[in-house]
2 protein chains.
Amino acid sequence: MNSPCLTCDLRRKPLFEQLTDDELTDIMHSRSGQVSMPPKQDIAPSPRIGDAVCTLIAGWAFKYRRLPNGSRQILDILLPGEAIGLEKALTGIMDHHVQSLTPVTVCVLDNGAVQDHLIGRPTRYRTLIRTLFAKERRYENRLAAIGRLTAPQRIGYLMLEIFDRVRDLGIGNGSWVHFPLQRQHIADSLGLSGTHVNRSLTELRDRGLATLGSNMLVIHNRDALISFACYTTSEPTGCQFIL
Amino acid sequence: MNSPCLTCDLRRKPLFEQLTDDELTDIMHSRSGQVSMPPKQDIAPSPRIGDAVCTLIAGWAFKYRRLPNGSRQILDILLPGEAIGLEKALTGIMDHHVQSLTPVTVCVLDNGAVQDHLIGRPTRYRTLIRTLFAKERRYENRLAAIGRLTAPQRIGYLMLEIFDRVRDLGIGNGSWVHFPLQRQHIADSLGLSGTHVNRSLTELRDRGLATLGSNMLVIHNRDALISFACYTTSEPTGCQFIL
DNA sequence: CGTGAACTTGAGGCCCCTCAAGGAGTGTGG
DNA sequence: CCACACTCCTTGAGGGGCCTCAAGTTCACG
């Protein structure tokens, strides 16, 4: 039951910090199970998982918040390897929801055990801090995009950001990637309306920059799209924290 | 020359982590000096400070980025106690500028010494992580505000956020605070134009919510403004990291 | 008193929103 | 096999929020 961590392919990817045997054993012991869910389900908080920490090991999800006026703001897209609810374990606060975008599988961990895991492991602290700084940069980029770019530019920015993150994970293939976000997800990520996202997508296609087909994104001219969307290409973060 | 840290009033404020004598001595030794600058000057990177880490000990500043199309996006307002350039020391990357908003004073530290300071001090690591999570929440709030609120709502949100941060620092006084942001600063923080900020300010005043006078913000009806601006009141973060 | 920066106010226009209806694809039940 | 429902995508029309450009006003400062 606790063996999967040792043979987990995801951890081995060069994007992530490579754990020592000691660390791996410790994580394994704090693992309480594995849960799979269909798309469009709230992962956290949820009846099945509560507000425990978990690691997304397969599938896509997104972090979002709902405003008093009913609208939804998507805060981040979550890819395999990302921790869900870590802030709940470490700071006691979790003021957003996480919903699955595709079928997902998560590893559920024990909150207290995660806190204990970090104690006495300064390397892990340092990696977590680097990862948090990287996320801060991503938020800053997003802020600049939403605040200062037009709709087609924002969409181009989102495309490039996701494209690069998928590529860094090592699951990209040339100039196209799997892209399970619907129009409304893009809209809620970028402060737009669903219908206008659609119009902007045709503009991106007509300009020969990128095409969004059925769950598939093709980038026709990366350099042109980068300059069109004012994209700041981010150098790989070194190693990313993973639980 | 190195004694000021021991008598520094800023560190004693309850908002910040209280350092042990050992930690304080260590910080003192990595201090290379103190610099004062007038408003509207770039603090980092700058000829006088380079890209060294420093702590803002008096005055207001802001973090910003300039886009290829010439526009400016303000990423965050910096208040006394905030570290400048910490990401440069810990991750090697610093892709924004910091400019003074009022006359400021910063304590300049040695980059390498700051890295060494953290090693072997898990409590400081933990505080830094909590502070980074808190900043992540602030960015998420800002993202939701810019993405999903109207101009007057966004401005109300910014007012409340700054008001609360100043109050948490212990330098607020009842229902008004010093507020050195100009129209254009507000605009560049919230993805608006300077002229429209002005129009929105008159709306906030006409609604009896808040008035922005010469470098002074008065909040007339806090509860009404909170509900108008969809503000999520943030519980104090416990203790904030300070160098 | 002249100068420059910031604030204020107006006019016109565009980007994006809202509302609405139709089309395409998919799963379900008869 | 087809009708039906449901979701998502697409396209259109109209309107409003915010932008841009521009001129006038206030204020600090030399």
Side-chain angles (χ1 to χ4, degrees), chain A residues 38-41 62 67 69-74 99-103 145-158 179-207 210-217 228-229, chain B residues 38-41 62 67 69-74 99-103 145-158 179-207 210-217 228-229:
Chain A
K40 292 178 171 297
Q41 294 278 316
F62 63 93
L67 276 73
N69 61 26
S71 62
R72 177 179 70 175
Q73 175 67 40
I74 292 183
Q99 186 170 119
S100 57
L101 216 38
T102 68
I146 295 185
R148 287 293 173 223
L149 301 183
T150 67
Q153 288 177 306
R154 294 182 209 181
I155 295 174
Y157 196 96
L158 183 68
F179 195 90
L181 282 73
Q182 297 175 169
R183 306 291 185 265
Q184 195 58 49
H185 294 124
I186 299 175
D188 289 344
S189 295
L190 300 173
L192 299 169
S193 72
T195 70
H196 197 63
V197 165
N198 202 50
R199 276 183 256 265
S200 302
L201 283 173
T202 69
E203 181 178 338
L204 285 172
R205 179 163 28 82
D206 292 347
R207 283 170 174 269
T211 302
L212 188 50
S214 55
N215 284 350
M216 189 180 74
L217 166 66
F228 173 74
Chain B
K40 291 176 172 300
Q41 295 279 317
F62 63 94
L67 276 72
N69 62 25
S71 63
R72 178 179 70 175
Q73 175 67 41
I74 293 183
Q99 186 170 119
S100 57
L101 214 40
T102 67
I146 295 185
R148 288 292 173 224
L149 300 182
T150 67
Q153 289 176 304
R154 295 183 211 181
I155 296 174
Y157 196 96
L158 182 68
F179 194 90
L181 281 74
Q182 297 175 168
R183 306 291 185 265
Q184 195 57 50
H185 294 123
I186 299 175
D188 289 344
S189 295
L190 300 173
L192 299 169
S193 72
T195 70
H196 197 63
V197 165
N198 202 47
R199 276 183 256 266
S200 301
L201 282 173
T202 67
E203 180 177 337
L204 284 173
R205 179 164 28 81
D206 292 347
R207 283 170 174 270
T211 302
L212 188 51
S214 55
N215 283 351
M216 189 179 75
L217 166 66
F228 173 74

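In the text below, chain A, chain B and the rest are named by the order of the sequence lines, each starting its count at 1. Basis for what follows: all heavy atoms, side chains included, without hydrogens, waters or symmetry-related copies.
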So, for B/Leu217 and B/Ala210, which heavy atoms are closest and what is the spacing to 0.1 Å? CD1-CB, 4.3 Å

Between B/Gly194 and B/Gln184, the two heavy atoms sitting closest are CA-OE1, 3.8 Å

Taking atom [atom2] of [N] as reference, at what distance in whole Å does atom [atom1] of [X] sit?
X	N	atom1	atom2	value
B/His185	C/dA6	NE2	C1'	11 Å
B/Leu201	C/dT8	CG	C1'	11 Å
B/Asn69	D/dC19	CG	C1'	14 Å
A/Ile155	D/dC9	CD1	C1'	14 Å
B/Arg205	C/dC7	CZ	P	14 Å
B/Arg183	D/dC19	CZ	P	15 Å
B/Glu203	D/dC18	CD	C1'	13 Å

Kindly give the atom pairs (protein nitrogen or oxygen, nucleotide nitrogen or oxygen) under 3.5 Å for nucleotides 21-29 of chain C.
none

For the side chain of [X] and the backbone of [Y], is there at least one donor-acceptor N/O pair under 3.5 Å apart?
X	Y	result
B/Ser100	B/Pro38	yes
A/Gln41	A/Gln99	no
B/Gln153	B/Phe228	yes

Are [X] and [Y] packed together at the side-chain level, in the sense that at least one heavy-atom pair is separated by less than 4.5 angstrom?
X	Y	answer
B/Tyr157	B/Leu190	no
A/Arg148	B/Asp188	yes
A/Leu149	B/Leu67	yes
A/Ile155	A/Leu192	yes
A/Leu212	A/Ile186	yes

Axial bend angle, the helix from C/dC1-D/dG30 to C/dG30-D/dC1: five-pair end segments, nearest 10°: 30°

Counting side-chain heavy atoms from C-beta on, which of D/dT11, D/dC8, C/dA6 comes nearest to B/Lys40? C/dA6

Please check the phosphate of D/dT10 (OP1 and OP2 only) for any side-chain N or O of A/Asn198 closer than 4.0 Å. yes

Are B/Arg207 and B/Glu203 close enough for a salt bridge, meaning some N to O gap below 4.0 Å? yes

Quick one: which protein N/O atoms are closer than 3.5 Å to N/O atoms of nucleotides 16-18 of chain C? Pair and distance per line, please.
{"residue": "C/dC16", "atom": "OP1", "partner": "A/Ala151", "partner atom": "N", "Å": "2.9"}
{"residue": "C/dC16", "atom": "OP2", "partner": "A/His196", "partner atom": "NE2", "Å": "3.2"}
{"residue": "C/dC16", "atom": "O5'", "partner": "A/His196", "partner atom": "NE2", "Å": "3.4"}
{"residue": "C/dC17", "atom": "OP1", "partner": "A/Gly191", "partner atom": "O", "Å": "3.4"}
{"residue": "C/dC17", "atom": "OP1", "partner": "A/Ser193", "partner atom": "N", "Å": "2.9"}
{"residue": "C/dC17", "atom": "OP2", "partner": "A/Ser193", "partner atom": "N", "Å": "3.2"}
{"residue": "C/dC17", "atom": "OP2", "partner": "A/Ser193", "partner atom": "OG", "Å": "2.9"}

